[in-house]
Amino acid sequence: FSLGSDPSLAFPDWAFKAESSPGSRQIQLWHFILELLQKEEFRHVIAWQQGEYGEFVIKDPDEVARLWGRRKCKPQMNYDKLSRALRYYYNKRILYKTKGKRFTYTFNFSKLIIANYLRSSGRTGTLLTTEPSLQPPLGILLLLLLLFLFS
DNA sequence: CTCGGAAGGG
DNA sequence: CCCTTCCGAG
């Protein structure tokens with residue numbers, strides 16, 4: 001891959017789009033974060049960082065928490081609670097903390113894509129889903145798997 | 001701030 | 001399962 005500094009430009013929809021069926025499954029936090037990261041209007045609130053690929057910083061923790069709370073209809077949401085949810089991603093290896101850098105985390109994209117793929121294909125019980133447009137080509141999935149294993 | 005255990009809800 | 005809430009420890 002030859003990737004720029006902005007991962008949102010380098011990764012197509014199937015890389016992180018939530019599974020369709022509107023309403024059925026709740027929005028996931030990692031998806032919401034990616035959603036904010038994708039829009040310029042939130043650049044003062046959360047943004048990609050220079051340096052490690054996939055690294056981002058939450059510039060306004062209170063605002064991100066407020067937006068997340070609004071989306072989930074949880075008015076009592078704050079950064080303390082949101083960050084706990086982010087910490088649960090450490091075990092899943094979807095995200096890790098950039099130690100020493102305040103409010104800074106890094107996405108593990110290969111793991112994220114693979115986890116997302118496994119979840120959606122598991123839902124239908126087959127490798128061929130009803131929504132091929134949101135799935136990575138199998139070859140790319142295998143390539144990512146290799147990149148992940150040797151990283 | 002950051003970390004994870006514990007309990008609990010939908 | 002995927003958080004939300006609460007919280008003691010570092």
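Proteins get letters first, then strands, A, B, ... in listed order; numbering begins at 1 in each.
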[X] [atom1] to [N] [atom2], straight-line distance once rounded to whole Å:
X: A:Q28; N: C:dT4; atom1: CD; atom2: C1'; answer: 15 Å
X: A:Y88; N: C:dC6; atom1: OH; atom2: C1'; answer: 11 Å
X: A:Y96; N: B:dC3; atom1: OH; atom2: C1'; answer: 18 Å
X: A:N91; N: B:dG4; atom1: CG; atom2: P; answer: 7 Å
X: A:Q76; N: C:dC6; atom1: CD; atom2: P; answer: 8 Å
X: A:K101; N: B:dT2; atom1: NZ; atom2: C1'; answer: 17 Å
X: A:Q26; N: B:dG9; atom1: CD; atom2: P; answer: 17 Å
X: A:L95; N: B:dT2; atom1: CG; atom2: P; answer: 12 Å

Self-check item: Note, A:I33 side chain near A:Y105 side chain (heavy atom, < 4.5 Å)
Solution: no

Sugar-phosphate, base or nothing in reach of [X], heavy atoms under 4.0 Å:
X: A:R87; value: base
X: A:Y89; value: sugar-phosphate
X: A:K99; value: nothing
X: A:L82; value: nothing

Looking at [X], does any N or O in its side chain come under 4.0 Å of the phosphate oxygens OP1/OP2 on [N]?
X: A:K97; N: B:dT2; result: yes
X: A:Y90; N: B:dG4; result: no
X: A:K74; N: B:dG9; result: no
X: A:K81; N: C:dT5; result: yes
X: A:W68; N: C:dC3; result: no

Quiz item: Does A:K81 offer a backbone N or O that forms a donor-acceptor pair with the side chain of A:S83 under 3.5 Å?
Solution: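 Pair absent, no side-chain N/O of A:S83 close to backbone of A:K81.
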
Exercise. Determine whether any donor atom in the side chain of A:R84 lies under 3.5 Å from an acceptor atom in the base of B:dG5, or the reverse, and answer yes or no.
Key: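 Such a pair is found, so the answer is yes.
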
Exercise. Would you mind checking if A:R43 and A:E40 are paired as a salt bridge, meaning a charged N to carboxylate O distance below 4.0 Å?
Key: no

Quiz item: Between A:E35 and A:R71, is there a side-chain N and carboxylate O pair less than 4.0 Å apart?
Solution: yes

Practice problem: Select one nucleotide: of B:dC1, C:dT5, C:dC7, the one nearest the side-chain heavy atoms of A:D80. | Solution: C:dC7

Exercise. Go through C:dC2, C:dC3, C:dT5 for me and flag the one nearest to the A:K92 side chain.
Key: C:dC2

Quiz item: A:F42 pairs by side-chain contact (heavy atoms from CB on, under 4.5 Å) with which of A:L37, A:V64, A:L67?
Solution: A:L67

